[in-house]
Amino acid sequence: MVVNSSSPFGAQTRTRVLLALTLLGDSYPRELSRVLQLPLSGVQRALQSLERDGLVAGRSAGRTRLFRLEPRYFAFEALQAFLRRLTEPESELRTRVTTLRRRPRRTRKPL
Amino acid sequence: MTLTERSTLGTVVAVVSAALRRHRVPAVLTGGACASLYTDGRYMSADMDFILIGPATQAGLDAALGSIGFGRRGDRYVHARTRFYVEFPRGPIAIGGDYRVAPVERRTRFGRFLLLSPTDACRDRLAAFYHWNDRQSLEVAVAIARRHRLRMDGIRRWSVAERSADRFAEFLQELRRAGTRRARRGRALGARAGLRS
């Protein structure tokens with residue numbers, strides 16, 4: 001857990017989840033937990049509280065809950081701009097995000 | 001007023017609103033319940049999202065809703081006799097980026113309550129269509145627009161601000177199509193009635 005960075009959204013995990021969602025666009029709890037190197041239960045709790053606050057929203061895709069910043073949040077654009085700025089010094093997080101393969105891969109194509 | 005399995009959404013909303021008012025908790029009905037009321041139940045929603053527009057405590061909410069038989073389960077309030085449940089999403093009342101939303105008052109024989117206007121309920125559904133590509137919400141927005149006189153120019157301006165002018169055009173197209181379908185159905189019914197007479 002990074003403890004030397006600011007946490008303007010309350011608990012560190014909440015802020016980290018928002019930063020990761022800003023870089024990823026959409027994501028699910030397990031992926032966020034891997035990228036942030038935080039326990040899954042903490043990430044799930046953070047997502048729940050951010051959802052209650054209306055900052056993120058989730059939808060079901062099969063058995064997975066996919067989350068993203070809530071585009072209907074009244075201050076969405078300002079929030080997104082702020083979070084983008086906050087991600088700038090997060091070089092380690094940015095590196096971890098870039099190691100994720102997110103582009104499509106044809107079904108059954110060998111790795 | 002005792003709530004039963006047969007209580008309609010409108011009745012439950014009025015009873016809940018009255019209880020909140022008695023406990024000095026000012027709140028506005030938003031979301032799917034407004035859409036349901038404005039489409040005469042064509043779109044059904046079991047959740048009643050009230051946004052608080054004044055100070056309230058958890059204890060105050062528990063007392064208000066407890067007085068009419070609702071109990072808190074997690075973030076929501078449920079009632080043994082009705083499937084409709086109450087939630088209090090965080091405010092402010094806003095539709096997309098627009099937070100200058102003026103609620104309207106609706107009067108029923110069980111009391112009065114504040115809710116989104118038909119125009120704002122329509123915009124609320126359109127926001128889900130614009131930002132989540134939710135086509136069910138588009139259908140509901142069309143259903144609201146078919147039943148109520150809306151401030152279309154305001155919706156158009158807001159859609160542009162939401163960077164969704166193309167989606168607004170799609171909404172208008174669906175609205176016209178729904179009108180044509182209805183007119184065709186009306187003519188067909190008229191023709192059939194003519195044959196019978």
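Chain letters run A, B, ... following the sequence lines, proteins first and then strands; every chain starts at 1. These numbers come from the heavy atoms of this one structure, side chains and all, not from hydrogens, waters or symmetry mates.
If you measure heavy-atom distances from A/Phe76 to chain B, you find no contacts under 4.5 Å at all. Neither the backbone nor the side chain of A/Ala78 comes within contact range of chain B; no heavy atoms are under 4.5 Å apart.
A perpendicular orientation is assigned to the rings of B/Tyr77 and B/Phe88, their planes being inclined by more than 60° (bins at 30° and 60°).
Of all non-hydrogen atoms in B/Met48 and B/Phe70, the two that sit nearest each other are CE-CZ, 4.4 Å.
B/His131 and B/Glu162 share a donor-acceptor pair across their side chains, judged by distance under 3.5 Å alone. If you check the side chains of A/Thr98 and A/Thr95, you find no donor sitting under 3.5 Å from an acceptor.
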Checklist entry - So B/His79 and B/Phe84, ring pair (Phe, Tyr, Trp, His ring centres under 6.0 Å) or not? Walk me through it. => result CA-CA 8 Å; B/His79 193 287; B/Phe84 300 113; over 10 Å; no
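Taking OG1 of B/Thr119 as the start and CD1 of B/Ile144 as the end, the distance is 9.5 Å to the nearest 0.5 Å.
Within 6.0 Å of CZ in B/Arg149 there are 12 or fewer heavy atoms belonging to other residues, nucleotides or ligands.
Within residues 40-52 of chain A, the residues that have a heavy atom under 4.5 Å from a heavy atom of chain B are A/Arg52, listed by number.
Top candidate by heavy-atom pairs under 4.5 Å with chain B, chosen from A/Arg59, A/Glu77, A/Arg68, is A/Arg68.
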